[in-house]
Asker: 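Dropping the structure in here first, questions after.
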Amino acid sequence: MKIESLMADLKKQIVEALNLRHINPDDIGDDQALFVDGLGLDSIDALELIVLLQQKHNTKIANAQDGPKIFKSVRTMAEYIQANASR
Amino acid sequence: MAIHITGAGVVSSIGHNYEQCFNSLVNGSHGIKPLSRIDSRFAGSLPVGEVAVSNEMMTSQFGLQKVVTRTALLGIHAAAEAVQSAGITGTNWRKGFVSGTTVGGMDRSEFFFPSFLKDREAGDLRDVVHHGCGSVTNVIAEHIGFTDFVTTINTACSSSVNAIIYASKLIKHGIVDIALAGGTDALTRFTINGFKSLMILDEEPCRPFDARRAGLNLGEGAGYLLLVSDKVLEAEGLVSRGIITGFGNTNDAYHQTASSPDGRGSFAAMQEALQAASISPGDVNYINLHGTGTVNNDLSEGRAINRLFNDNVPAISSTKSFTGHTLGACGGIEAVFSLMALERQCVFGNLRFTEPIHETGLSPQREFSARPVNHVMSNSFGFGGNCSSIILSRNMKGQ
Amino acid sequence: MRLYIDAIGTIAPCQLFGDKLEVPEADGNVLKCIEPDYSAWISPQSIRRMSRILKMGTTSALMAIRQASLTEVDAVITGTGYGCIEDTTSFLTKITELEENALNPTPFMQSTHNTIGSLIALLLQCRGYNQTFVHGSHSFEHALLDAMFVLDEQPALKILIGGVDEWTESSHAIHSRFGKYRRPDIDGSMTLVNESRGAVAGEGASFFAIAGRRSSVSKSMIESIKTFIGPIKAHDVSSFLNDTHVDLVLCGFSGNARIDQEIEKLMAAIFPHAAIGRFKHLCGEFTTASAFAVALASRILANSYNDLASIGYQQHGNPIRTILVYNRYFAESHSLILMRAC
C-alpha cells in the first residue's frame, strides 16, 4: 500500500480510536506532532495507538518506551508499519 | 489522643502470618513466581506474588458454609490474625472495620461473565452476589464480629492506607472504640490483563528503584492493624505495639494513571504526614516505599523523597520486591511490615537493586539490617493521583 | 460538626431545579437520568474518554462549583456503590472476546471506583484530600461523615462531596435475576400511594459544595448522620433525634411491598403525627439514592417548591425547617440524615 493511502487510513483510525470527535482526520498534517503540543495526546493515547497498530495493522510494539519515536507523526507511524508489519 | 496499634495480621506470597512474612523479609526470600492459580494465557510465565493457599482450604479452615470471594477469604485470614493477636477481652467496645480493596469480588465475577455474555440467563448468581467492594468487606466483618461500623474505601493502590486513616478518625471522633483497618485484594484475570494493557508489567521479578527497572509484578494478599484509643489500651491492659502518629492524603492532579514528574502529590502527602506527626524529615528512620518498579513511580517518588529529605534520606526499601504489588492491599500489608520494623528494630532489604536511578541517585537498603527505629513512614500512591502516607512511631512512654 | 450545603449539582431522572417537582415516567422498570449537554461543561479533549458515569459525576460537581461561585475546592470526597460499571463491563467483554490479546487500556484505567473523584480533582486541579467510599448503599453517608471529620480539623475548607451510581443494561440484567425489581411490563407511571408493585431501578449523580461555616449562601445544613447495619428500631431513631422535632420525614420507600410495610410500621410508631414524604419514585432505587434525597431535602428546606404533593406531602402551611432522611437499600443498609433549614 502506498504511504499516502496508509497515512489517510491512519488518520481516520486515530480519530476513531482516540475518540477525537472534534477533529477532522483530513486536518491532521502528515508530519504534525501528535503528542505534547500537537494534538495534545498523552501516555494513554500512546498505549491505545499501540493496540491500534496491533489490531488493524498486524504490527507489534513490544516496548512502550519506543512509543514517542514511532508516534511522533502520522508519517513516522506509517513508516514503522511498512517496515515492521508481520506478514 | 493517640491511636495505638495493638494487633496485626498479614497474608502474602511470602508468608501466611506475621512471623512467616517477617522471616522471609529477614532471609531475603521473595514470593515472585510464574502465575499458576489463575486460568490465563499468562499462566506459567508472568511473574506474580500469589498466596500459596487455595480458596477451598481457606473456606474449610474458617468453617465457612458457603464459598465466598478470594478477596474476602484473604481478608478473613489476615483480619482474624490481627484480632487474635490483640487479645481484647472486653465485650462492650464499639468495634469498627474499615477495609480497602480495588477488585472486590471480581475474582468470582470474572468467572460469571463469559457465560453471561453469551446468554443473559446463564452464569451462576453465586459468583456475582459478592461482586461489590462493600459486600466483600461485610463478609469479613461478619466473620470476625466487627460490625458496629463497617465501611470500604477504594482509591486504587492507596486504598488500605486510606482505610487506616479513616479508622483513626473514627476512633478520634468517638464513633468506635476499636477499629480494624487495612485492606485485601486477590489476583484476577481482570487486573492482570489491565496492567498488561498499560504495559507496566515486568516480565521478570521486579527491580524497584533500580536504573534498569522495567515494571511491576502483581501480587495478592491482605494486611490489617487493630487500632485502639488510649482509653481502651488502659482498660484492657494492652501493650501498645506502635502509634499512628501522622498521615497525609493528597491528590497529584496530574494525570489519570501517571505520576507527576516531580512527584508533587507524593511530596505533599509525605510532608503532611510529617507535619501531623510533629517530626522532621531527619527523625524518620525508615521509609517503606511505594516502589512498584515502574519507570514512572520510582522516579517520581524518588524525586519527592530527595526534595523532602534532602541530605537526611533514611534507609529506604520497597518490600514489593518480595510480595509484588498487592494493589488495594499494599498499604495494609506494608503497614504491618512497617510495624515489624518498629517492633523488631530493623529495616528490610530492597531485592534485585544494583544501580541507582540516574536522576535521583538514591540507593535503597539492599539487605535486612538490625538498627534502632523510632519512626517509619509507609507510602502508597495510586491511580487517579491518590497519594497517601502514614507514619508509625514507637510508643516512647514505657510499655 | 455541621455541614453547610452552599450549592448542589444534580443529574437525576427528574428535574430538581425549577419550582415544580414532576414525577418522571419509568421506562419499563428503570428511571434513567435526564442528561445535560455535557459538552457545555467539559472540553472535547477531556470528554473524549469519559464513560457516562464519569460525565455524570464530573458535570454534577462542576454544576455545584458554578452554583457556589467557586473556582477551586480544598477536598473531594465521593461515594459510589458500584463504581464505573460500563468501563468494567467493557474491559471484561474484551478480555473474553479477544482472549486476553491486545486489549485497550482506557476501560481498565477508568474502571477503578476512584476515577470519578480523581477526574474531578484533575479538572479542578484540586491537590487536597481525596477519598472514595465504596460501601454499597452507605457509600454516600460515609463520605458525608468523612467531610465532618475533615471540617472538624479545618473548618474553613470548601469541600465537594458527592454520591454517584450509573445504570447499565448488563448490571440491570444481573440485578433483575436476583428479583430486585418490578416486572418491566407494568406501565411506566408511578403512583405515590401504595406503590407496591416492586422497585424501579434508578441512577444519578449529586454533588454538594460544602462549608464548615454558615454563610449568606448556605442553602441548608446537615446536622447528623448515622448508618446502621441491621434493621433499625424505634429506639435507634429516637436516640439519634434526641428530642429534635421533625417537620418532614423523607422516606426511602422503594416500591417493594414487604420492605415498605416495615418502613411504614416504623414511621407510624415514631412519628404518628409527622408528615411522611417519599423520594424514590423520582430517582429510582440505587446505592447512592440518599445523595439524591439530600439534594431534594436541601431544596425543600430552601423553600424552592410551590407545593410538595409530588412527594406525597400535604402542605400544612408551616414552613419545613427540619427534615429527617431515612433511607434503606432493599432489605439492608439503613441510614438516618438529619437536616435543617438555614
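Computed from a prediction, not measured in an experiment: that's the story for all the values here. So you know, we letter chains A, B, ... as the sequences are listed, proteins then strands, and number each from 1.
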Asker: Could you check whether any side-chain heavy atom of B:Ile175 comes within less than 4.5 Å of a side-chain heavy atom of C:Phe149, counting everything from C-beta outward?
Answerer: yes
Asker: Which bit of C:Asn104 comes within less than 4.5 Å of chain B, counting heavy atoms only: side chain, backbone, both or neither?
Answerer: backbone
Asker: If you draw a 6.0 Å radius around NZ in B:Lys95, do more than 12 non-hydrogen atoms from other residues or ligands fall strictly inside?
Answerer: yes
Asker: Shortest non-hydrogen contact from C:Ala121 to B:Ala253?
Answerer: O-CB, 3.8 Å
Asker: Look at atom NZ of C:Lys180 and say whether more than 12 heavy atoms of other residues, nucleotides or ligands are closer to it than 6.0 Å.
Answerer: yes
Asker: Below 4.5 Å from any heavy atom of chain B, which atoms of C:Ser139 appear? Answer side chain, backbone, both or neither.
Answerer: neither
Asker: For B:Arg189, which atoms come within 4.5 Å of any heavy atom of chain C: side chain, backbone, both, or neither?
Answerer: both
Asker: Nearest 0.5 Å, what's the CG-CD1 distance between B:Asn193 and C:Ile95?
Answerer: 4.5 Å
Asker: Please flag which part of C:Thr93 lies under 4.5 Å from any non-hydrogen atom of chain B: side chain, backbone, both or neither.
Answerer: both
Asker: Counting C-beta onward and ignoring hydrogens, is there a side-chain heavy-atom pair between C:Val76 and B:Asn251 closer than 4.5 Å?
Answerer: no
Asker: Check whether any side-chain heavy atom of C:His138 sits under 4.5 Å from a side-chain heavy atom of B:Thr152, and report yes or no.
Answerer: no
Asker: Is chain B contacted by the side chain of C:Glu332, its backbone, both, or neither, given a heavy-atom distance below 4.5 Å?
Answerer: neither
Asker: Are B:Phe112 and C:Ile174 packed together at the side-chain level, in the sense that at least one heavy-atom pair is separated by less than 4.5 angstrom?
Answerer: yes
Asker: Is the shortest heavy-atom distance from the side chain of B:Ile153 to the side chain of C:His142 under 4.5 Å?
Answerer: no
Asker: Looking at B:Gly100, B:Ser135, B:Ala269, B:Gly123, which one has more heavy-atom pairs under 4.5 Å with chain C than the rest?
Answerer: B:Gly123
Asker: Quick check on side-chain hydrogen bond (donor to acceptor under 3.5 Å, both in side chains): which of B:Thr155, B:Thr102, B:Asn154, B:Asn386 does C:Asn114 satisfy it with?
Answerer: B:Asn386
Asker: So does B:Tyr254 get a backbone contact from the side chain of C:Arg127, meaning a donor-acceptor N/O pair under 3.5 Å?
Answerer: no
Asker: Strictly distance-based, threshold 3.5 Å: is any side-chain N or O of B:Gln256 a donor or acceptor partner for the main-chain N or O of C:Leu119?
Answerer: no
Asker: Return the option, out of B:Lys196, B:Lys172, B:Met106, B:Arg264, with the maximum number of heavy-atom pairs under 4.5 Å with chain C.
Answerer: B:Arg264
Asker: Among B:Ser109, B:Ala122, B:Gly248, which residue has the highest count of heavy-atom pairs closer than 4.5 Å to chain C?
Answerer: B:Ala122
Asker: Please state whether the side chain, the backbone, both or neither of C:Thr80 comes within less than 4.5 Å of a heavy atom of chain B.
Answerer: neither
Asker: Atom OG1 of C:Thr115 and atom CZ of B:Phe383: how far apart are they, to the nearest 0.5 Å?
Answerer: 9.5 Å
Asker: In Å, rounded to the nearest 0.5 Å, how long is the span from OG1 of B:Thr257 to CZ of C:Phe108?
Answerer: 10.0 Å
Asker: With the side chain counted from C-beta on, respond yes when C:Asp146 and B:Lys169 share a heavy-atom pair under 4.5 Å apart, and no when they do not.
Answerer: yes
Asker: Is the shortest side-chain heavy-atom distance between B:Val128 and C:Arg177 below 4.5 Å?
Answerer: no
Asker: Side chain from CB out, backbone as N, CA, C, O: work out which of these in C:Ile229 comes under 4.5 Å of a heavy atom of chain B, or both, or neither.
Answerer: side chain
Asker: Determine, step by step, whether C:His135 and B:Asn138 satisfy the side chain to side chain contact (heavy atoms under 4.5 Å, CB included) criterion, reporting the C-alpha distance in whole Å, the side-chain angles of both residues, the deciding distance to 0.1 Å, and the verdict.
Answerer: CA-CA 9 Å; C:His135 199 69; B:Asn138 282 337; 3.2 Å; yes
Asker: Rounded to the nearest 0.5 Å, what's the gap from CZ on B:Arg120 to NE2 on C:His172? Could you check?
Answerer: 11.5 Å
Asker: Is B:Leu125 close to chain C through its backbone or its side chain, or both, or neither, when contacts mean heavy atoms under 4.5 Å?
Answerer: both
Asker: Provide the closest heavy-atom pair for B:Ser40 versus C:Glu100 in the form atom of the first, atom of the second, distance.
Answerer: OG-OE2, 2.9 Å
Asker: Rounded to the nearest 0.5 Å, how far apart are OG of B:Ser388 and CD of C:Gln131?
Answerer: 7.0 Å
Asker: C:Ser170 versus chain B, heavy atoms under 4.5 Å apart: side chain, backbone, both or neither?
Answerer: both
Asker: Which heavy atom of B:Asn162 sits nearest to which heavy atom of C:Asn130, and what is that distance?
Answerer: ND2-O, 4.4 Å
Asker: Are C:Leu145 and B:Tyr166 packed together at the side-chain level, in the sense that at least one heavy-atom pair is separated by less than 4.5 angstrom?
Answerer: yes
Asker: Looking at B:Gly134, B:Ala163, B:Gly104, which makes the most heavy-atom pairs under 4.5 Å with chain C?
Answerer: B:Gly134
Asker: Between C:Ser118 and chain B, which part of the residue has a heavy atom less than 4.5 Å away: side chain, backbone, both or neither?
Answerer: both
Asker: Write down the atom of B:Ser197, the atom of C:Pro105, and the distance for their closest heavy-atom approach.
Answerer: OG-CA, 3.3 Å
